[in-house]
Structures are given as C-alpha cells and as structure tokens.
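Presented below is the structure to which this report refers.
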Amino acid sequence: MSQDIYARMRETVLDALRTLAPDLPDDIAARVEVTPTRDPAHGDMATNAALVSAKAARQAPAKIAAGLVAALSLRPEVAEAAAAGPGFVNLRLDPAAFRDLLPGILLAGEQYGDSPLGRGARVNVEYVSANPTGPMHIGHCRGAVVGDALANLLAKAGFDVTKEYYINDAGNQVAALAWATYWRYLQAVGTSLTEDEYAAQVPGGLQYRGDYLIPPAQELLRLHGDSLAGPGKGIAPVEQWLDLVRDFTIDAMMRQVRDDLALLGVNQAVFSSERALVATGVVDRVIAGLEADGLIYQGVLEPPKGKTPDDWEPREQTLFRATQFGDDVDRPLRKSDGSNTYFANDIAYHADKVLRGFPTLIDVWGADHGGYVSRMKSAVKAVSGGKATLDIVLCQIVHIMRGGEPVRMSKRAGTFVTLRDLLEEVGRDAVRFTMLTRKSDAQMEFDLDQAVAQTRENPVFYVQYAHARCRSVLRSAANSFPAQALTPAELATVSLDSLTAEADLVLMRRLASWPRTVEAAAIAREPHRIAFFLYDLAADFHMLWNRGRDDAELRFIQADRPAETLARLALVAATAATIRSGLAVMGVTPVEEMR
RNA sequence: GCGCCCUUAGCUCAGUCGGAUAGAGCAACAGCCUUCUAAGCUGUGGGUCGGUGGUUCGAAUCCACCAGGGCGCGCCA
C-alpha cells in the first residue's frame, strides 16, 4: 500500500466516482486529483473529481459531488465530507488516519518518501561538464548542486539514475589551454621571452593567464626538465610538446575539478570524454548514421532573422536537418577546415548515451547555453528515432552578494569567484541548500552574509535547527526514561491517541505530504521544492516546540505521563526522519546539535 | 531585429500538469525568556500577481499582443 495518504484517498474517490459514472473515460479519470487543502477550514484534503468528470458523465458537478459525499461519508477514515464551491468535495479525515502514518514513517526512516513512480526506468543526469580549462567557479556551482539534487530526487522517486560528467577535452579550447600551460613551463625553465612576445606567437592568442597553471607547469619541469623547450628556451616545434602538454594539463585540471566537486559533495559515477568519443569512432559512426538517414546535406543558411552581421556572407556548409525535429534552423556539423563542430560531437555523445540504454536523458546547463536547447533536443529525437527524450534544466546566473554589494573578484583566479573560495567561506551545506532555494530558471542572489547567518532568514540554519531540536528532545527523553527503549522500531508501536492538538495535526499533515512532494518535484525536475518543503516542515515543528513555552503540559517530555510522552516522541522522531530524508536528497548534512 | 527565460507585498522569493478569500521570510509595529536551546515563537499592517485582450464553470498559472530585465543569435566550446 502506498505511503501516500493522498494517493490512497484518490483511489477511494475514483472507486466511488466509477460507481456514479460507470463509463468514465480513462483520460478523465487521470485528471482526478486529491490534494491538501490550502485553507484548513476546508478540511484536510479536497478532490476535483466532480468538476473534471461532469462533462463526460453528462451530469451537473453538484450532483456528482453530492453522490461522492454520500459514498465517501461511509468510509471509516472520513470524518466529514462536504460539497463546496463549484463542485469540490472537501474531506476531513479522522485524525487517526494521520496518526496511523507515523509508524510507517518511523520504520522507513530516511527512506520515507521513496516512491515507485519511476519503476526502475533508467535516467542519465549529466551536469557540471565544465571545460577542463581552469578552476571550478561560481558559474558551475549552481548547476552542480541542482544536477546532483535532481539526480538524488529521481533516485528517490524510483528511477535508476546515472550521474554523469562530460569532459570537453577536444577541440581548440584545450589546445589553447596547452599553449597557456606551455607559457608557464617556459617561465619555469627561464625563458627570455616576455608574455606579450609569447602571446604574439600563439595561434588565437594567449587565452588563459591565471596562476592556476603554474603548479602543472612546475610538475612538467620536474618530469621533463627543459627538454620540452626550444633552443634558447624559446618555443619548440609543436610536434615536440603540444599533445603531451595538452593531455597532461587536462589530467591536472580534471583532478582539480574532481577535488572541487568532492568538496561540494558531488561525485559523478561516469566521466565521458569527448576525445575518447572521437578516437573510438563513435562520432564518425553517428554522423554516418544520420547521413544514411538523409538528415545531413550541403546547404547555405539564411542570415539570422532581423540581424545580419557585417561580415555575413552566404557559405555552403554541412548541415543537420534539425528543422525536421522541431528546431528553427538547420545546424552546421563541420567547420570549413573539415573538422567537426562541437555540436557534431555533442550529437554523438547523446547518441552514445541512448545506446548505453537510457530512454530519458537530462542535461543541466547554464543559461548561456539556452540557445542550444532546441537543436540538442532535435538531435536526440533524430538519433533515437524518437524513442528517447532529452529534458534540459537551465540554471540562470548567480550573483554573489556581500553586504548588499555584488562580489566579483577572487583572491585566486583574479577574475571570478572560485567554487573553492565559496566553500571555504560558507561551507558545503550552506552552499548546497542555498543554491536550491530558488527555481533554477530564475536568476538568484547568493547572499554570503545570509548563508552563514544563524537566524530564520537563513533556511539552512532554520531547517538544521529543527532537526537538532528533534534530536535534543530524544536525547533528553533517554535521560528521563532510562528504562524505555526509544528506537524508531519501539516508537512505532506506541499508542498515538493522545496526539490530538491542532499543532500536532498540522505537523502530521505536513509529514503526510512528503511523498507527494517528492513525486511532484521529480516529475517537474524541480529539486528546489524539497528545500521549500523542509523550510515549511521546520516552521511547523518550531511552532509545536514553542507551544511548550506557553503551556508546560504541552512540552514533549512529561516525566509523570509516559504514554503521552512516547506518543510525542514518535511524532518528533518521525519529523526528524522526514527532515533527514529531505536533506539526503539535497546532499546536506543533518546536524545533531547546534554549536 | 529574432529566439529562449524572467516580471507576484517596500526588499528577497514560494505558489503542487488551471481550483475556493494569492502565501512565507526580511523590513515596520505590538507581544512572549525562573524554559526539553528565545539561534525561537505569536499577532498587526502591507499585493490591480508588469499591462491589455482571449480561452474556461474557474486564470498568478494556458494563448495572443505590448512593456521592462537577463541570456543567446552561421565553421566558440
């Protein structure tokens, strides 16, 4: 039986509805929902069943609602059913129906909220995929956290999830990186060239000037002495060093990326290399497949609508028929020198993911790749014959703020805030939680002061404080009742009849909505909803806690009334378990006490 | 100019595949510490959901147009 009391009631409602309207089409039945009421005055839950089925049943909504009220009133768990508004049926449950959820929550522990929704279907979530050309910075951080939490969320919702990172280690960018490392190497061996003189000889100019390439250059010096340098410590012919330096630098950068990600608590299982896809012929095979399907042609694109660049001229290119799959224009696959565009390799990469057996692909991208969404989706349709789907989660820009002012400079990298700086300043938990307190497709301000503040403004603190309070209560109870076992398994067996206060019910209703929150967030690919759920749950708990301030009889621990105390401890332990369940999705540590 | 994203209280933001009187924090004002942690809680005031039309029994939510902000716009990855 489902953990989800709303899902169970939905089945009950559907049974009753089918009695009233035997020929109800399935697509109408699918629209029936049972949701928590926004206003407690309307009861515990409400259903739209009468409204959505009225047309198909050829009956007035009010009439169906009346029939549902009559049928549902007979159910033992329903204390009151009433028609309301244009045809809603409001249900007030016997409080025991909510109390009865607690044992299941206690026994499930962190697994509470796990859902069979995904039925074990495989999903590939690709995120971060920062180019290995430098330290991870703040621009990568949001995508890393959102992707990781989304992957955790989908796993909780019953999908078989693979977390993946795509290494863009092919193309001009990594060649430029090699030239930059080589400059640091020449400096290390004592070149007489100035940086400007060197830059003038680099194809495309010297693109990466950060200090972070000095350590790999030092390592090259240690391994190879000055053998990679040219006569007079100038530039040697590229055949003598470029491949070596490039591969060496990529390895060094990727080690750093993995280290940074590990600090953030992100550990992808699969790292796919663009170079490997090229080297093993995957790219050629995929392109050949598209060619065989007639999806590639030589053609000339129209200039961009409305804006013709000054240097625009008609040019014949190798194009992919993206427009056949919903894109606005066809997209180029080859550069004029005959090499593949990034898009061509990316098609192959996604085709590879499909071949590896993923019917659902999710990419988490930065907002600057927004213009890429429709072409990639069209490519996935093309290479999978429409059998695989690609969802793309775009993460908008994060502005780091301190004291109300934007923060731009980094002590290390000079031009951007590195991930490491951010982690050192506010810590992993605050970074992860805060990054999930906004919808990913909205821009966000990350307030450094707020992220470390120990007040209600700071959701990280507020939620962790609620968990710490739960644990504190359970520790105190162990002292007050040394003879009583207080394990979840024990608490799952105690009588809960004394949990009758409105604040108890508010909290239990919140706990009851956790499974549906997980499913809805997973379907919408919106991990931020978990953060908001936890914040609301924490507020409910803090409220309950504070009732004990006004009335000592409402405190959790009553030494002279063990039965009531155990019931309350069960509620507290269930709350703690649910918080841990949610924090696990977010990758945030539940703390035992605040210090 | 074209495409995508965003616009909700003074500020920062939620709003469950369209649902009932649009919610929270901060800020403002008024209360609560001999206590299982006051790092918290309670209450008050504050919104034409950017604008105008449309679809619907019902729109912050869907559609069209307009305004403002962001991102992007043929051989960069």
Side-chain angles (χ1 to χ4, degrees), chain A residues 30-31 33 35-39 41-42 46 48 51 54-55 61 84-88 90 131 133 168 170-174 274 300-309 312-315 317-319 328-343 345-346 366-374 394 396-397 437-439 441-445 447 450 453-459 461-462 465-466 468-469 472-477 479-480 513 516-517 519-521 523-524 526 528-529 531-532 535-536 539 542-543 545-550 552 555-557 572 593-594:
Chain A
R31 290 178 55 204
E33 50 185 30
T35 57
T37 54
R38 190 174 292 168
D39 183 346
H42 294 142
N48 63 352
L51 284 165
K55 201 169 278 181
F88 290 102
N90 291 332
N131 294 337
T133 53
N168 295 133
N172 298 332
Q173 205 158 295
V174 285
E274 183 182 5
V300 180
L301 289 177
E302 297 291 313
K305 282 177 190 147
K307 171 197 157 196
T308 305
W312 194 90
E313 57 189 34
R315 180 190 299 143
Q317 292 172 291
T318 303
L319 299 169
D328 300 328
V329 293
D330 292 337
R331 304 291 183 174
L333 296 180
R334 292 216 173 85
K335 307 178 195 174
S336 56
D337 67 2
S339 63
N340 287 332
T341 61
Y342 175 81
F343 180 51
N345 290 357
D346 220 5
D368 54 342
H369 287 61
Y372 224 74
V373 170
S374 57
L394 285 184
Q396 296 289 331
I397 290 174
T437 55
R438 296 286 180 272
K439 263 187 312 218
D441 55 5
Q443 290 181 46
M444 78 177 293
E445 292 189 359
D447 188 324
Q450 183 181 306
Q454 305 213 328
T455 68
R456 181 168 185 170
E457 297 179 68
N458 178 6
F461 166 77
Y462 191 68
Y465 188 34
R469 275 184 156 174
S472 168
V473 170
L474 293 167
R475 282 193 301 271
S476 298
N479 290 330
S480 303
S513 68
R516 68 193 313 278
T517 301
E519 291 187 354
I523 290 168
E526 289 185 343
H528 76 279
R529 295 191 193 187
F532 283 91
Y535 187 78
D536 290 340
H542 287 309
M543 185 181 74
W545 167 288
N546 260 70
R547 282 187 325 143
R549 303 185 53 71
D550 303 326
R555 290 184 192 166
F556 296 117
I557 299 171
V572 170
E593 58 184 331
M594 306 305 289

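Naming: A, B, ... by sequence-line order, numbering from 1 per chain. Because the structure is predicted, anything quoted here is derived from the model rather than measured.
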Which sits closer to the 5' end of RNA chain B, A:Tyr342 or A:Arg315, going by the nucleotide each is nearest to?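 Looking at RNA chain B, the more 5' nearest nucleotide goes with A:Arg315.
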First of A:Asp328 and A:His369 reached from the 5' end of RNA chain B, by closest nucleotide: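 The answer here is A:Asp328.
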Contact under 4.0 Å: [X] side-chain N or O vs [N] OP1/OP2:
X	N	answer
A:Arg547	B:G40	no
A:Arg456	B:G25	yes
A:Asn131	B:A77	no
A:Lys439	B:C5	no
A:Ser472	B:U37	yes
A:His528	B:G15	yes

Need the pair for B:G45. Rule: Watson-Crick or G-U wobble, both distances under 3.5 Å, any strand; none if unpaired.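 Its partner: none found.
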Tell me the partner of B:G1, counting only Watson-Crick (N1-N3 plus N6-O4 or O6-N4) or G-U wobble (N1-O2 and O6-N3) with both under 3.5 Å; none if nothing fits.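 Looking at the geometry, B:G1 pairs with B:C73.
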Hey, is CZ on A:Arg475 packed in by over 12 heavy atoms from elsewhere, all under 6.0 Å?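 Yes, the 6.0 Å shell around CZ holds more than 12 heavy atoms from other groups.
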Does the side-chain ring of A:Tyr535 lie flat on the base of B:A24, meaning centres under 5.5 Å and planes less than 30 degrees apart?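 Base of B:A24: not stacked against A:Tyr535.
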What do you reckon, do A:His42 and the base of B:A20 stack, with centroid distance below 5.5 Å and planes below 30°?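 Aromatic stack with B:A20 present for A:His42.
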Check whether any side-chain heavy atom of A:Asn48 lies under 4.5 Å from a side-chain heavy atom of A:Arg31, and answer yes or no.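 No; the side chains remain at least 4.5 Å from each other.
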Within this structure, what is the OG1-CD distance for the pair A:Thr341 and A:Gln317, rounded to the nearest 0.5 Å?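 The OG1 atom of A:Thr341 sits 9.5 Å away from the CD atom of A:Gln317.
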Has the side chain of A:Asn90 got a donor or acceptor that lies under 3.5 Å from a partner of the other kind on the base of B:A20?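 Between B:A20 and A:Asn90, which were checked side chain against base, a qualifying N/O pair under 3.5 Å is present.
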Would you state whether a donor and an acceptor, one from the side chain of A:Arg529 and one from the base of B:U16, lie under 3.5 Å apart?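 Such a pair does not exist between side chain and base.
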Classify the nucleic acid contact of A:Ala170 as base, sugar-phosphate or nothing, counting any heavy atom under 4.0 Å across all strands shown.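 Sugar-phosphate: the residue A:Ala170, judged by heavy atoms under 4.0 Å, touches backbone atoms but no base.
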Counting only side-chain heavy atoms from C-beta out, which of B:A77, B:G19, B:C36 sits nearest to A:Asn48?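 So the side chain of A:Asn48 is nearest to B:G19.
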Picking from B:G74, B:C71, B:C13, which would you name as closest to the side chain of A:Glu445?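 Nearest to the side chain of A:Glu445 among the choices is B:C13.
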